[in-house]
Amino acid sequence: MTSPDRRLLRLGVNIDHVATIRNARGGLHPDPVRAAIVAAEAGADGLTVHLREDRRHITDTDLTRLSEATALPINLEMAATDEMLNIALRERPHAACIVPERRAERTTEGGLDAAGLHNSLAPIVRQLRDNGSRVSLFIAPDAAQLHAAAALGAPVVELHTGPYSHAEGAAVAIELERLQAMATLGARLGLEVHAGHGLTFDNVGPVAAMPEIAELNIGHFLIGEAVFIGLAEAIRQMRAHMDAARA
Ligand code: PXP
């Protein structure tokens, strides 16, 4: 049974890498839609998918099938391009998270330059909002980027936890302090604060404990762990780590 308190911190499960495995053989298995159904049963609060320019994860068809097959809110990660904007306007996901995208990168490497790209992002944010999607900007935990996101009228920011999750030694505390300070600033600016990237059972606790953070988006670790303990169990254990940190 889900307690209302627990829902103060939502878990968005990123199922991209189920599609990555499927795509490795070019067939239909494993199906990200099946993963979405398992995730819903295991207690995920939402699904996150990144429709990349090269379609290396989910495809356009997956996105449509996911919307039809699950009642969970979908958070569509998207580059700020005309192609992705048109797809997002057509599919009208619950949330649209604008991310920087480079074809050669293995995963989203840095945050969006919301400050430097204000003029090109402004019409995209406005159109997505007007179309009913909750717009989120995936940014580095940096004060200038938070102010820029607020100036763009984005209701949500997702703080990039990659530098924290890759940090070692004394740098871990520094990155955590930075995340906490920027989560506090985000809340003060009236932004809903999410976080994600590189989170695991071992490092999720201190981020989940930050009271301003409303949602964590977690993918690669969960899908990797699913190989050993199953997807439902990986999600349940992640949820338990998050709840323990919040308690
Ligand atoms: N949030 C955003 C914006 C991302 O781009 C990703 C990776 O696709 C994630 C969260 C999830 O990161 P990870 O797969 O490392 O858990």
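Note that the structure is a prediction, hence the values are computed from the model and not measured. Hydrogens, waters and symmetry mates are skipped; everything else that's a heavy atom, side chains included, is used. In each ligand, atom 1 is the first atom listed, and ligand 1 is the first ligand listed.
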Exercise for review: Indicate, with yes or no, if I213 and L176 share a hydrophobic cluster defined by side-chain heavy-atom contacts under 4.5 Å among Ile, Leu, Val, Met, Phe, Trp and Tyr.
Suggested key: yes

Point to revise | Between N217 and E215: side-chain donor-acceptor atoms closer than 3.5 Å | key: yes

With a cut-off of 4.0 Å, which atoms of ligand 1 are near a heavy atom of [X]?
X	answer
V99	3 (C)
N217	10 (C), 11 (C)
I218	16 (O)

Exercise for review: Please work out whether the ring planes of H17 and H57 are parallel, tilted or perpendicular, with thresholds of 30° and 60°.
Suggested key: perpendicular

Review point. Would you call E192 and R134 a salt bridge, taking side-chain N to carboxylate O under 4.0 Å as the test?
Key: yes

Review point. Which one of R90, R55, R52 satisfies the salt bridge (Lys or Arg N to Asp or Glu O under 4.0 Å) criterion with E83?
Key: R55

Practice item. Under 4.0 Å, heavy atoms only, figure out whether ligand 1 is touched by the backbone of H197, its side chain, both or neither. Key: both

Exercise for review: Using a 4.0 Å heavy-atom cut-off, say whether H17 meets ligand 1 through its side chain, its backbone, both or neither.
Suggested key: neither

Revision key, fill the gap. Nearest non-hydrogen contact to atom 15 (O) of ligand 1 from the set G198, G219, G224 belongs to G198

Practice item. Ignoring angles and geometry beyond distance, decide whether E77 reaches within less than 3.5 Å of ligand 1 through its nitrogen or oxygen atoms. Key: yes

Review point. Based purely on interatomic distance, does H220 place a nitrogen or oxygen under 3.5 Å from a nitrogen or oxygen of ligand 1?
Key: yes

Review point. Taking the non-hydrogen atoms of E158, is any one of them nearer than 4.0 angstrom to ligand 1?
Key: yes

Enumerate, atom names and distances included, each donor-acceptor pair closer than 3.5 Å involving a side-chain atom of residues 29-44, sequence neighbours excluded.
from, atom 1, to, atom 2, distance (Å)
D31, OD1, V33, N, 2.9
D31, OD1, R65, NH1, 3.2
D31, OD1, R65, NH2, 3.3
D31, OD2, R65, NH2, 2.6

Throw together a table of side-chain donor-acceptor distances under 3.5 angstrom for residues 114-130, partners on residues two or more places apart or in other chains.
from, atom 1, to, atom 2, distance (Å)
S120, OG, L117, O, 3.1
Q127, NE2, P123, O, 3.3
R129, NH1, G153, O, 2.3

